[in-house]
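Numbers restart at 1 for each chain; the letters A, B, ... are given by sequence-line order, proteins then strands.
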Amino acid sequence: MQEKYHPGEIEQAAQRHWESTGAFRAIEDSTKPKYYCLSMFPYPSGKLHMGHVRNYTIGDVLARWHKMRGYNVLQPMGWDAFGLPAENAAIQNKVPPAKWTWDNIAYMKQQLQSLGFGLDWGRELATCQPEYYKWNQWLFLRMLEKGIAYKKTQVVNWDPVDQTVLANEQVIDGRGWRTGALVEKREIPGYYLAITQYADELLAALDTLPGWPERVKTMQANWIGKSHGVRFAFPYELDGKREKLWVYTTRADTLMGVTFVAVAAEHPLATRAAQGNDKLAAFIDECKHGSVMEADMATMEKKGLPTGIFVAHPLTGEQVEVWVGNYVLMGYGEGAVMAVPAHDERDFAFARKYGLPIKQVIDLTGKEYSLDGWQEWYADKQSGVCIHSGKYDGLAYAAATDAIAADLKAKDLGDKQVQYRLRDWGISRQRYWGCPIPLIHCDGDAVSPGCGTVPVPDEQLPVVLPEDCVPDGSGNPLLKRPDFLNCTCPKCGKPAKRETDTMDTFVDSSWYYARYCSAGNNVAMVDARAKYWLPADQYIGGIEHAILHLLYSRFWTKVMRDVGLLDQDEPFANLLTQGMVLNHIFSRRTDKGGIEYFAPEEVALVRNESGHITGATSIADGGAVDYGGIGTMSKSKRNGVDPQSLIEQYGADTARFFMMFAAPPEQTLEWSDAGVEGAYRFLKRVWAFGHANRDSIVAKSTLPEKLPEALASVRREIHATLKQGNHDLGKLQFNTVASAAMKMLNALEKAPEDAGRAAVVAEGFSILLRLLSPITPHVCHALWLELGLGKNEGDDIYKAPWPEPIEAALVQDEIDLVLQVNGKHRGNVRVRADADKTSIEAAALTHEMAQKFMEGKPPKKIVVVPGRLVNIVV
RNA sequence: GCCGGGGUGGUGAAAUUGGUAGACACAAGGGACUUAAAAUCCCUCGGCUUUACGGCUGUACGGGUUCGAUUCCCGUCCCCGGCACCA
């Protein structure tokens, strides 16, 4: 045994051992409980960053812990390999996205392997492989058949200079990131998946997921946004035709307060009104330059223009003017909203700005309505009642809504309706590096009209993406590839064109967890093995995926179930949402108005008097750089920290231990490497202790009947700490598991030379190594073998049983209780561990400190918390 | 703007979920060992106050409930994540 801790040698040897013995190969086995431990697969951006280390260490700790507790564990890994960064890299370096992606995968895989994760690499997949994305295409066709997939128009960001569609991320303050051109909204056709057909089930099934964090379920429920309201119409006559303008509201009780109606710029009424109205036409045009992002819509200045068209109030017949509002979304609901300025904050501001009438129709006793400013209670639907509303006066929210809905129904102008905030999932992307949508456009020729859009027949799948394209930022390169583009129509056999849009990469990540279970199957998307492993017993990933990825995966699972592929309703039984690892962000505007990011090591910080960072300068060119605060480590913001140097300098175990020790998993973590030294020092001490006590431990002496008190106390500390550590593992709070291991070592190092020391040390160190092994598997593996702690010679530590505290070791005759007088800590009282309430009260009252602070007053009340404290109230 | 989460020493954090605030560490300061350095070991370490025992105060800020609040309730400020084409 080496005297010094050499992580490099230990780790390589352990990894070779696990590899050669197939320690983490998972085989379906119905005799054991299964544990499918799944971490979100990474996007192969180039290098791992600390967020990955955190994510995958959490997964590995759980996987190894369960393995030691007798579970049949599956922990797979793969690559979310399609996506925008590969195209950006291609633009920059002229390397095909495929090559860039595979090079990154090779490097990152080697990084993952050097961290010693217990992964079953035999199930590895990459979503850019035709054998994977074939099944995206296959299920898309099934959805098309079932009416879940359909075509409609979508609104995209259009860069008029590059003639290309931009991702939201590529739009900086309304301009294209590379060209600086003002981005336009453009409507183009695209394919949608009708996730709204599953809205009710996706919402209701949240109750079947007790293993999910409440906050994630709340976010998903709010995102789905089921609302009970009324859909109704404002009748009007225009160009000699009787028409209806439909709107939806959850505040039908305020219908009598409607003073105008607002429609989206793209609404047919707006288009009609713009004819012969240049000012309105110009405004509608201006709206088209706005952002498509909800956050921008919500924060931008609300603007509008009257159309001159009037509609009739459905109940009073009063004329109400139609306005065009830049804040009304065409793609959501009816593209029109009723405006009740008195009781809606946004309408209130809008009405004040344009001098529109405000009519109070809800009253709250004791409150006075004033037009001076918005007050929260104006929008309160809990406690107000209708006023100035004719026959509805005096009715509260529910009754007023019922009555008004009934009256609208009687007039055939509306009814109650349940609506969702959730929108259907648009999956078309006008990009190259993604899964081709398996459709063919048969446009016909001079003689025949053609077959239209035709699905690619199953036997022709996959539609393979050519891998040698190099995007240059100006549109989809597939459009310039006749070999991909030209094909024959499967229906009529005439020349036709392939669809060049690819799928949203969220499609790829919506079912990869099922594919791991069916690795290697080239005749089916998933097979019976998926029914064995699913749902994943633990899913671990960043909180940023709380809504979209997790909702899409839940949806996709339900579709796979309905197609007969799976039995499960839900993909993930338990979810751990990891807190983001944050780092400083530095950026600078480019000449063209785009944005350029700087890595933290590329800038020199500028701080103010109080030490806060206010800016930075580029080390390369000395120019000023803007400080963007702290944010998630990401490739695009260039603020990721590569764990490589940490691993090289201290080893994987130190990196893993440090990451787990730094904070509890769900908490956001601002990156700092302060403390890495401490983690390393601890592992060195563990090794040194094993080395120094080798003979005592190897001797395997038995515990004497009665230990001297000092050793009994060491043993008590070990078992008490183990109890806490096991409890914390159950809570997935790994930082205190790490500190439990540290406490154990502190206790063991204090074990005095006395009869029974060797046995106490051997037992204690065996517990310490097993508790620590999921976090730092390499050093524990090596020490376990060196010290012969296995049941049989050469048994690996992961085959050892998980340690449980021995109650007998925890027994104490006397305990200290906290003594309080009027809730203030005044000392401690020592009592027998089994003391009853009366004797505790007696001991407390006679205590010197109690006497002193009671100042002779009689006790009014004595609170005794068993095993904890006694509080005397005077 | 809306939805969700967070704010505790110089720093990362802990507190068995209403019961000793600061466990376990990092940094810093002091000391031991060493020719020296590294490594290692020991001591101190929220603030104010006291010669000392001790006392007062303190968990973003302002209120409240309670014998007792970091924990529960109301309000305010700041930070992070998401907002449907980053993944």
(Q) Return a single string for nucleotides 24-31 of chain B, one symbol per nucleotide in 5' to 3' order, where B is base contact, S is sugar-phosphate-only contact and - is none, cutoff 4.0 angstrom on heavy atoms. (A) BSSS----
Nucleotide N/O to protein N/O under 3.5 Å, stretch nucleotides 43-45 of chain B:
none

Q.
Can you confirm whether the side chains of A:Thr164 and A:Gln430 place a donor and an acceptor under 3.5 Å from each other?
A. no
Q. Within this structure, what is the CZ-to-C1' distance between A:Phe658 and B:G12, rounded to whole angstrom?
A.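 Those two atoms, CZ and C1', are 8 Å apart.
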Would you tabulate the nitrogen or oxygen pairs shorter than 3.5 Å linking the protein to nucleotides 64-69 of chain B?
{"from": "B:C67", "atom 1": "O2", "to": "A:Asn871", "atom 2": "ND2", "distance (Å)": "2.3"}

Between the protein and nucleotides 48-59 of chain B, which nitrogen or oxygen pairs are less than 3.5 angstrom apart?
{"from": "B:C56", "atom 1": "OP1", "to": "A:Arg826", "atom 2": "NH2", "distance (Å)": "3.4"}
{"from": "B:C56", "atom 1": "OP2", "to": "A:Arg826", "atom 2": "NH1", "distance (Å)": "3.3"}
{"from": "B:U57", "atom 1": "OP2", "to": "A:Lys824", "atom 2": "NZ", "distance (Å)": "3.0"}

Q: For B:C86, take OP1 and OP2 only and decide whether either is under 4.0 Å from a side-chain N or O of A:Lys635.
A: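 No.
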**Q.** A:Met580 side chain, from C-beta outward: closest of B:G81, B:G19, B:A87
**A.** B:G81
Q. Is A:Gln220 touching bases, backbone alone, or none of the nucleic acid, heavy atoms closer than 4.0 Å?
A. nothing
Q.
I'd like to know if A:Asp501 and A:Arg429 make a salt bridge, using a cut-off of under 4.0 Å between side-chain N and carboxylate O.
A. no
Anything under 3.5 Å between a protein N or O and an N or O of nucleotides 1-6 of chain B, put it in a table, one pair a line.
{"from": "B:G1", "atom 1": "N2", "to": "A:Glu294", "atom 2": "OE2", "distance (Å)": "3.3"}
{"from": "B:C3", "atom 1": "O3'", "to": "A:Asn222", "atom 2": "ND2", "distance (Å)": "2.8"}
{"from": "B:C3", "atom 1": "O2'", "to": "A:Asn222", "atom 2": "ND2", "distance (Å)": "2.9"}

For nucleotides 71-78 of chain B, give me every protein contact, N/O to N/O, under 3.5 Å, one pair per line with atom names.
none

Q.
When the C1' atoms of B:A13 and B:G46 are compared, how many Å lie between them, rounded to an integer?
A. 14 Å
